[in-house]
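Counting starts at 1 for both ligands and their atoms, in listed order.
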Amino acid sequence: MDSQFTAGPSPDDRAGRDSTAGDVPGPWSPASGAERASLPFDVIIAGCGPTGAMLAAELRLHDVRVLVLEKETEPKSFVRIVGLHIRSLELMAMRGLLDRVLPHGRRRPAGGFFAAIPKPAPEGLDSAYAYLLGIPQPVVERFLEEHATALGAQVRRGCAVAGFEQDDEGVTVELADGEQLRSRYLVGCDGGRSTVRKLLGVGFPGEPSRNDTLMGEMHVGVPPEEIAAKVAEINETHRPFWLRPFGGGVYSVVVPAAEVGDRAKPPTLEDFQQQLRAVAGTDFGVHSPRWLSRFGDATRLAERYRVGRVLLAGDAAHIHPPIGGQGLNLGVQDAFNLGWKLAAQIRGWAPDTLLDTYQAERRPVAEDVLDNTRAQTELLSSEPGAQAVRRLLTELMDFDEVNRHLIEKITAIGVRYDFGEGPDLLGRRLRDIDVKQGRLYDLLHRGRGLLLDRTERLTAGGWSDRVDHLADPTAALDAPCVLLRPDGHVAWIGDDQRDLDDHLSRWFGRPAD
Ligand SMILES: Cc1cc2nc3c(=O)[nH]c(=O)nc-3n(C[C@H](O)[C@H](O)[C@H](O)COP(=O)(O)OP(=O)(O)OC[C@H]3O[C@@H](n4cnc5c(N)ncnc54)[C@H](O)[C@@H]3O)c2cc1C
C-alpha cells in the first residue's frame, strides 16, 4: 500500500458559513443541531488573556460558535513573561503559528530556569524545539487573539462578566452593564482574581502572598556600566532584583516591595525609588515610567475545574510565583487540553467522561507546577539553610538525569497523563518527527486526531470524520502504530485493529453511521 494521509473536512472546507449565526450541524453532530441552534453561542469565554484566546482558537477549529468577553477596552501593554517554553512552542508548531511568532522573539538556551540556577540544558532534549523563545506577553496575546479571530471567534472588549446562572440547557451570562447573553457553556479564563471562579463558589485554597515585587519600565539616570555592576553585586544576596536595558534608554526594573500591597492599586514611581534605595543604596535616577505594577508570590489551586456547564482554565484555576516562567505556558496548555474536548461535547460525539478528563489530566499538572515554584521560591531565599540547599542542588544538577528531570518539568515536555497501564510513551506528547509528508506537527494544524500507522494495515474507519490516518512505514517512531489525540498526546500504541477500535471509541466516541 502506498503511504497515505486521509483527512476529513476542515473548517476551511466549510467556509462561507456564518459561524456566529444559527449554525448548520456539521458532520459530527447528528444529535446536537436543534439544541445548538436554540442558543446564539456555544461557548462564552470570560477573559481574552493568553488562555482565553488560545481556547477560542481551539474551539473554532471545530466550528464551535465562540464569544470572548474581555473587560479591558485595549490589549494590555505590561511585559510580564520571560518567554515560551518548549511545550508551548510545540503547541504553536502544531497549529501552524510558530513560524509567524518566531521573528518576534529571541531564541535563548532552554537551561538555567530552575530557581535561576545557571546550568546549561543537557544534550539531546526530546524536542525539535529545544529552546526558550524570549517574547513579551503582549506579543503572544496579540498573536493568539488574531489567530482566534481569523478562525472566526468573536471578541468583545470593554465587557466584564459580572454574573451568571446555569440551567439544563445552558448558561445566562450577565455583563457589568446588565446585558444578558446565552450560551451552552461558560469558561472562566479571567485570571487569578477570577470573577467566574468566585461566583461559582469554587474554593481556591493555598498560601497568600508573603512577598510582593515591584515591576515596571522606566528611564534611568546613570550609565549602563554602573547599573550592571551594582545589579551583579546585589544579586549575590537579593533576588528577584534586576534592571535590564530595554532599548532607547528604558530599563525593565524589578525590586522587592516594602510590604504586601493591594494588587488592584498600582505602585507609584516613589515606591520604586524608595525600594531601589533600600536595596541598592541608589535609585539609579529612575524617572518617566512607561508602566508600573506589582506581583505577589501567592500559591493557590482551584478545588474543581468544572461545575456543570462552567469551567475554569489558566490563572483562574491556579496561581503561583512567576519563578521559572511557567504561568502563561500552563494556561495555554490547559486551553489546548480543554478545547477539543469541549468541542466534542458541543458537536455531540464526546464519550460520556471525556470532558471530565480535563480536570483529571490538568489539575495534577498544575499541582506539580505549584510545588516546583514553592521549591524554587525557597531556593531563592537568602537564609543560610536555603543557600546551602541551593549549593547542593547546583552540584546535583551536574548529573545529567537531575538536570534533565528539572528542565522537563519547567518546559512541560515531561508531562505524562494517566491513561492506564502501557509503554512509557502512552499518555506523553509525541515530539515532532519526520514523516513522509514532511513534519508530523504540520499534519495536526486542524486539531483532529491522527493515526500514525507504520503497519499500513490499520484504519480509523468509522472515525475518519474526526481522526486522520497517516500510513507511513518510514515514520521515525519506535512503535508499530500510535493514536494521537488532537493535543498531540499518545492515546494508544499497538498493532491490533480491535484494540484500536476500542481506544478510538474511548477518545472519539461512537463511529459515524
Ligand atoms: C512578573 C511576572 C512574570 C511572569 N513571567 C512569566 C513567564 O515568563 N512565563 C509564563 O509562562 N508566565 C509568566 N507569568 C505568568 C503569566 O503572566 C500568567 O500566568 C498569564 O498571564 C495567565 O494567563 P491567563 O490568560 O490565564 O490570565 P490573564 O493573563 O490574567 O488574563 C485574564 C484576562 O481576563 C480579563 N478579565 C478579568 N476579569 C474579567 C471579567 N470579569 N470579565 C471579562 N474579562 C475579565 C483580564 O482583563 C485579562 O485580560 C508571569 C507573571 C508575572 C506577574
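- Between atom 46 (C) of ligand 1 and the options Glu70, Gln333, Arg294, the minimum heavy-atom separation is to Glu70.
- Residue Cys159 touches ligand 1 through its backbone alone, judged by heavy-atom distances below 4.0 Å.
- An N or O contact shorter than 3.5 Å links Leu328 to ligand 1 by distance.
- Because its NZ or CZ atom is both nearer than 6.0 Å to the ring centre of Tyr185 and within 45° of the ring axis, Arg309 counts as a cation-pi partner of that residue.
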Exercise. Do Asp42 and Leu59 pass the side-chain contact (heavy atoms from CB on, under 4.5 Å) test, and can you show the C-alpha distance, the side-chain angles, and the key distance before you say yes or no?
Worked result: CA-CA 10 Å; Asp42 295 316; Leu59 290 167; over 6 Å; no
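- The shortest N or O to N or O distance between Val161 and ligand 1 is under 3.5 Å.
- Ion pairing between Glu90 and Arg87 holds under the 4.0 Å rule for side-chain N and carboxylate O.
- By the 3.5 Å distance cut-off applied to N or O atoms, Pro50 is counted among the residues near ligand 1.
- Note on residues 318-337: no pairs pass ring pair (Phe, Tyr, Trp, His ring centres under 6.0 Å), not counting sequence neighbours.
- The proximity of Ser194 to ligand 1, defined as any non-hydrogen pair under 4.0 Å, does not occur for either the backbone or the side chain.
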For this session: Mind running side-chain contact (heavy atoms from CB on, under 4.5 Å) on Leu61 and Trp340 for me, showing each step along the way?
Result: CA-CA 8 Å; Leu61 286 176; Trp340 69 278; over 6 Å; no
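- Note on Arg428 versus Glu408: no salt bridge recorded, every NZ/NE/NH1/NH2 to OD/OE distance being 4.0 Å or above.
- Residue contact check: Gln326 has heavy atoms under 4.0 Å from atoms 9 (N), 10 (C), 11 (O) of ligand 1.
- The Gly83 neighbourhood of ligand 1 comprises atoms 8 (O), 9 (N), with distances under 4.0 Å to a heavy atom of that residue.
- The closest heavy-atom contact to atom 31 (O) of ligand 1, among the options Gly324, Gly49, Gly158, Ala46, comes from Gly49.
- In this structure, His85 and Phe113 have perpendicular ring planes: the angle between them is above 60°, well past the 30° mark.
- Atoms of ligand 1 found under 4.0 Å from any heavy atom of Cys189 (numbered from 1 in listed order, with element): 32 (C), 33 (C), 34 (O).
- In this structure, Lys409 does not pair ionically with Asp371, as no charged nitrogen and carboxylate oxygen lie closer than 4.0 Å.
- Checked against a 3.5 angstrom limit, the closest N/O atoms of Glu141 and ligand 1 fall outside it.
- With ligand atoms numbered from 1 in the order given, ligand 1 contributes 26 (O) to contacts under 4.0 Å with heavy atoms of Gly314.
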For this session: Please assess Glu401 against Arg404 for the test side-chain contact (heavy atoms from CB on, under 4.5 Å), listing each intermediate value before the final yes or no.
Result: CA-CA 5 Å; Glu401 262 187 64; Arg404 192 175 296 276; 5.6 Å; no
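- In the vicinity of Gly191, heavy-atom distances shorter than 4.0 Å reach the ligand 1 atoms 27 (O), 30 (O), 32 (C).
- The Gly327 neighbourhood of ligand 1 comprises atoms 10 (C), 11 (O), 12 (N), 15 (C), 19 (O), with distances under 4.0 Å to a heavy atom of that residue.
- Of all the heavy atoms of Pro322, the ones lying under 4.0 Å from any atom of ligand 1 belong exclusively to the side chain.
- Less than 4.0 angstrom separates some heavy atom of Gln137 from each of these atoms of ligand 1: 16 (C), 17 (O), 20 (C), 21 (O), 29 (O).
- Listed by atom number, the atoms of ligand 1 under 4.0 Å from Thr195 heavy atoms are 41 (N).
- For Arg304, there are no side chain to side chain donor-acceptor pair (under 3.5 Å) partners two or more places apart in sequence or in a different chain.
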Exercise. Run the side-chain contact (heavy atoms from CB on, under 4.5 Å) check on Val253 and Gln275 step by step: do they pass?
Worked result: CA-CA 11 Å; Val253 177; Gln275 282 312 103; over 6 Å; no
